[in-house]
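Index from 1, following the sequence. Atoms within a ligand are numbered from 1 in the order they appear, just like the ligands themselves.
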Amino acid sequence: MSLSVRHILSVNDLTKKDCALILKTAQNMEEISERSVKKVPILRGKTILLCFFEPSTRTRTSFEIAAKRLSADAVNISSVGSSLSKGETLLDTAKNLEAMNPDILVVRHAQSGIPHLLAQAVDCPVINAGDGMHEHPTQALLDLMTILKVKKRIAGLHIAIIGDILHSRVALSNIILLKKMGAKVSLAGPASMIPLGIEQFGVPIFYDIRKVIPSADVIMMLRIQREREADSFFPSLREYSRFFGLNKETMKHAKKDVVILHPGPVNRGVEIAPEIADGEHSLILDQVTNGVAVRMALLYLLCGAKK
Ligand code: CP
């Protein structure tokens with residue numbers, strides 16, 4: 001079995017069969033991370049370039065760990081310390097990296113569309129590790145795996161995505177992927193942070209989180225993206241937290257078996273109270289663990305997919 005795509009650029013490109021294959025492969029990969037020697041030789045001799053032109057903790061580290069657990073060589077490249085800082089264009093950088101014959105390029109960039117551009121310029125598979133305010137497909141896949149492991153299904157679940165939808169690539173990838181897999185997805189947040197036209201994706205919009213929390217099986221809280229000046233979209237963090245934060249008070253209205261996701265990094269006390277982020281309903285650290293398995297699966301499935 002193989003994927004219908006050469007690159008992982010958008011969840012839009014993935015068929016349901018692709019998603020099932022990725023999740024099944026990720027499930028098989030999980031066991032490797034539980035061994036005392038967490039390494040198998042299946043990608044020995046392969047080279048994975050991790051090009052992170054924007055900060056990352058979870059995604060970059062989990063891709064590097066994923067590559068190393070499969071015995072691939074992982075090489076890190078960032079803007080600082082590369083010749084981009086001397087004025088080289090991104091395309092020239094990509095062409096020069098390609099000349100070293102890598103097997104996969106993993107790319108994160110602050111501008112939407114950069115992984116798509118690089119995928120046209122290089123010969124090896126490209127994985128989008130987050131592009132601007134556009135998409136974060138591997139995050140949506142690991143979220144899918146996290147929900148599935150606990151709820152055992154996606155179809156028919158009500159998933160509420162709450163917070164800064166406007167600046168969130170996680171939100172867009174999750175809306176597309178979860179809807180594709182049959183979930184009902186609702187959005188809630190301040191009006192200033194709901195993108196115009198988003199309802200065309202078939203997602204009801206709420207401006208009061210109390211209207212969406214009682215029927216949600218999964219609550220996905222989003223980070224206020226202060227690096228994209230998201231905190232200028234509401235009067236104060238205190239006010240945001242009061243109206244749109246998940247805390248003990250708002251959780252009183254939630255289902256007993258609700259699960260809470262957050263892609264991280266968490267603004268504790270802003271979009272989510274610390275006791276909720278660390279509480280019994282939270283799957284935030286499970287998401288991180290599942291991220292390694294999903295990225296191992298993607299590297300495995302894409303390696304060798306050269307033209
Ligand atoms: N979820 C996520 O993308 O986290 P990082 O920015 O730390 O990679």
Check Glu30 with Lys24, please: is the shortest side-chain N to carboxylate O separation under 4.0 Å?
no

Among non-hydrogen protein atoms, atom 7 (O) of ligand 1 lies closest to Thr57 N, 2.8 Å

Residue, atom and distance of the protein heavy atom nearest atom 6 (O) of ligand 1 read Arg108 NH1, 2.9 Å

Salt bridge Asp217-Lys255, side-chain N to carboxylate O under 4.0 Å: yes

Residue, atom and distance of the protein heavy atom nearest atom 4 (O) of ligand 1 read Arg58 NE, 3.1 Å

- Item | Distance-only donor-acceptor check, side chains Asp143 and Thr146, under 3.5 Å | no

Among non-hydrogen protein atoms, atom 1 (N) of ligand 1 lies closest to Pro263 O, 2.8 Å

Subject >> Sub-3.5 Å N/O-N/O distance, Ser56 and ligand 1 >> reply: yes

- Query: Is it true that a side-chain atom of Ser83 and a backbone atom of Lys86 form a donor plus acceptor pair closer than 3.5 Å?
  - Reply: no

Note: ligand 1 atoms sitting under 4.0 Å from heavy atoms of Thr59 are 2 (C), 3 (O), 4 (O), 5 (P), 8 (O)

In ligand 1, the atoms that come under 4.0 Å of a heavy atom of Gly264 are 1 (N), 2 (C), 4 (O)

* To do: Please confirm whether the backbone N or O of Ile224 pairs with a side-chain atom of Asp164, one donor and one acceptor, at under 3.5 Å?
  => no

Practice item. Kindly say whether Ser79 contributes a backbone atom to a donor-acceptor pair with the side chain of Ser82 at under 3.5 angstrom? Key: yes

